[in-house]
J.: 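Quick one: this structure, given as structure tokens, is what I'll be asking you about.
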Number of protein chains: 2
Amino acid sequence: MVPEARADRPTAAEPHAPSRPAGQRSARMPRDERRAQLLAAAQEVFVANGYHGAAMDEIAETAHVSKPVLYQHFPSKRDLYLALLESHLASLTELMLGALNSTTDNDERVQAVMRAYFHFIANDDQAHRLVFESDLINDPDVSSRLETFNRTFADAIARVIAEDTKLPHLEAELLGRGLAGMAQVSARYWLETDGNLDLNVASDLIYRLAWRGISRFPKES
Amino acid sequence: MVPEARADRPTAAEPHAPSRPAGQRSARMPRDERRAQLLAAAQEVFVANGYHGAAMDEIAETAHVSKPVLYQHFPSKRDLYLALLESHLASLTELMLGALNSTTDNDERVQAVMRAYFHFIANDDQAHRLVFESDLINDPDVSSRLETFNRTFADAIARVIAEDTKLPHLEAELLGRGLAGMAQVSARYWLETDGNLDLNVASDLIYRLAWRGISRFPKES
DNA sequence: CTGCACGCCGATCTTAATTTCCAAGGGGGC
DNA sequence: GCCCCCTTGGAAATTAAGATCGGCGTGCAG
């Protein structure tokens, strides 16, 4: 462990002796393609170990690339993570809004959203882990991006609720947050018991729970 | 900021010159009391900065104690965190089971649980942050402890659901997880908008959403 | 043919945070 | 009243991970 203990240290005149035996060097690659590969490697490592547990060394190794290459594409580990987070949340937002606009019937809307949510969670890149089990929540940019997504999603739900129940905005928003949370937590639980319950069966259970909860609200006050 | 900038550095012959001017040294204290004080300081720092953002230096400083004292009570930062997590989850579990047993009417049960949950979130030690916004979720002990709590809580809810709806166990469990998630997420949102919505009003909204969602389930199949 | 430019890598630097070492001092037992 | 032991804290060691430095070689343009 002591630095100067290396027996075969090269002579001072020759500090860098490459001596690469064979094709260890990774093939040259267009910049964009390399970037995409690095993102994929990072995704894999972050999902497996979390942000803090992931080492840049391991990400580079996973991509069969040396660390400096990684830093030529992303200025820091944090930036790398933020790029992935942004990408996943953008596509999740698109998915949700797409499901919301897929019909004008509120009942079907809730069902469609729930299915889309379950599909996102079931996606095999495990993006949901990086997003919803982030261990970088204390970072202002991360929590702010997550809050933006949550607000967008909950607002969309709250509009449906408000239309259906005439509840005040603030209260509809609270219910929207609650339903979004229900979707997230139940979908993640479902994923862990996969094989035992079909995606559509599970998401329909939650959809019905949500819809029945909502749909009888207006009659009282 | 440069370390060697200290003008009054002691001579080399005297590496440790305490020179404590006055009562800087913290008072001796019974072991249990000291431990409690350290836990309180750690709670404060963990809540403010998260696990990874919290430094043992800062915890010691907050407790007006030197680091070795901290290590005499807790072998590591991780153990310190686990002690707090365990304590909070134990009392939350107790709260939840107490609310569940406070009545035999399922409707009132759901209401009581929801209120208890909101009270826990509103508690001013901000324990919920340490528990539900942990940035140590990748630690096996942490995630295992959290999963134990979630299972306990969801199981209790699932039993109510199963009794009320005759749904199969697995599906009742899914709904239980979903409702637990709804409680958690909506309560945390409510806390951020505090002042605008009374605790009982908010928790009753969520309780009604949950109960209506559940209560009409049996009529179909 | 030759030079240049781009992308790649080994090796090292730097920083930061946890954990430990060792001398000093005050309170309780005899 | 005195001594011993236990507790305290300043300072340092260790480790680990993020970030960087400087040269190499291949392929294309002139």
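So that the names make sense, note that chain A is the first sequence line, chain B the second, and so on, each numbered from 1.
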J.: Nearest whole Å is fine: how far is dG10(C) P from H64(A) NE2?
T.: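 For the pair H64(A) NE2 and dG10(C) P, the rounded distance is 14 Å.
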J.: Please tabulate, for side-chain N and O atoms in residues 94-102 of chain A, each donor-acceptor pair with protein atoms closer than 3.5 Å (sequence neighbours left out).
T.:
unit_1  : atom_1 : unit_2 : atom_2 : d
N101(A) : ND2    : L97(A) : O      : 3.2
S102(A) : OG     : A99(A) : O      : 2.6

J.: Would you list the pairs meeting side-chain hydrogen bond (donor to acceptor under 3.5 Å, both in side chains) in which at least one residue belongs to residues 169-179 of chain B, sequence neighbours left out?
T.: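 Residue pairs with at least one partner in residues 169-179 of chain B: E147(B)-R177(B).
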J.: Atom CG of L136(A) to atom C1' of dG18(D): distance rounded to whole Å?
T.: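 Rounding to the nearest Å, CG of L136(A) and C1' of dG18(D) are 14 Å apart.
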J.: What pairs with R78(A) under salt bridge (charged side-chain N to carboxylate O under 4.0 Å, His left out), at least two apart in sequence or on another chain?
T.: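 R78(A) satisfies salt bridge (charged side-chain N to carboxylate O under 4.0 Å, His left out) with D139(A), D141(A) once adjacent residues are dropped.
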J.: Who pairs with K67(B) by salt bridge (charged side-chain N to carboxylate O under 4.0 Å, His left out), at least two apart in sequence or on another chain?
T.: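 K67(B) satisfies salt bridge (charged side-chain N to carboxylate O under 4.0 Å, His left out) with D57(B) once adjacent residues are dropped.
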J.: What's the closest nucleotide to the side chain of P68(B) if the choices are dT20(C), dG10(C), dT8(D)?
T.: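 Shortest atom-to-atom distance from the side chain points to dT20(C).
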J.: Can you name the ring pair (Phe, Tyr, Trp, His ring centres under 6.0 Å) partners of H52(B), sequence neighbours left out?
T.: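 So H52(B) forms a ring pair (Phe, Tyr, Trp, His ring centres under 6.0 Å) with H52(A).
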J.: Ignoring backbone atoms, test whether Q72(B) places a side-chain nitrogen or oxygen under 4.0 Å from the OP1 or OP2 oxygen of dT8(D).
T.: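 Result: yes.
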J.: Residues in salt bridge (charged side-chain N to carboxylate O under 4.0 Å, His left out) with D194(B), at least two apart?
T.: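 For D194(B) there are no salt bridge (charged side-chain N to carboxylate O under 4.0 Å, His left out) partners, ignoring immediate neighbours.
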J.: Is there any protein nitrogen or oxygen under 3.5 Å from a nitrogen or oxygen in nucleotides 27-30 of chain D, and what are the pairs?
T.:
none

J.: Nearest 0.5 Å, please: how far is CG in L84(B) from CG in D79(B)?
T.: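 These two atoms lie 11.5 Å from each other.
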J.: I'd like a table of atom pairs between the protein and nucleotides 16-19 of chain C - only N or O on both sides, under 3.5 Å - with the distance next to each one.
T.:
unit_1  : atom_1 : unit_2 : atom_2 : d
dT18(C) : OP1    : A54(B) : O      : 3.1
dT18(C) : OP1    : K77(B) : NZ     : 2.8
dT18(C) : OP2    : M56(B) : N      : 3.0
dT19(C) : OP2    : Y71(B) : OH     : 2.7
dT19(C) : OP2    : K77(B) : N      : 3.2
dT19(C) : O4     : K67(B) : NZ     : 2.6

J.: Return all side-chain donor-acceptor pairs below 3.5 angstrom for residues 116-124 of chain A, not counting sequence neighbours, or 'none' if the list is empty.
T.:
unit_1  : atom_1 : unit_2  : atom_2 : d
N123(A) : ND2    : D125(A) : OD1    : 2.8
N123(A) : ND2    : D125(A) : OD2    : 3.1

J.: Nearest-Å distance, CG (D79(A)) to C1' (dG18(D))?
T.: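 To the nearest whole Å, that distance equals 13 Å.
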J.: Please list, chain by chain and in numerical order, all residues satisfying ring pair (Phe, Tyr, Trp, His ring centres under 6.0 Å) with Y51(B), sequence neighbours excluded.
T.: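 If we apply the ring pair (Phe, Tyr, Trp, His ring centres under 6.0 Å) test to Y51(B), skipping adjacent residues, the hits are F46(B), Y81(B).
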J.: In whole angstroms, how far is the P atom of dA17(D) from the CG atom of L70(A)?
T.: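 The distance from CG of L70(A) to P of dA17(D) comes to 15 Å, rounded to the nearest Å.
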J.: Do you know which two heavy atoms are closest between L174(A) and L205(B), and how far apart they sit?
T.: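 Where L174(A) meets L205(B) most closely, the heavy atoms are CD2-CD1, 4.1 Å.
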J.: Below 4.0 angstrom, which residues in residues 31-46 of chain A have at least one non-hydrogen atom near DNA chain C?
T.: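 Close to the strand are R34(A).
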J.: Donor-acceptor pairs under 3.5 Å, side chain of residues 180-189 of chain B to any protein atom, not counting sequence neighbours: which ones?
T.:
unit_1  : atom_1 : unit_2  : atom_2 : d
Q184(B) : OE1    : R188(B) : NH2    : 3.3
S186(B) : OG     : M182(B) : O      : 2.6
S186(B) : OG     : A183(B) : O      : 3.3
R188(B) : NH1    : E133(B) : OE2    : 3.2

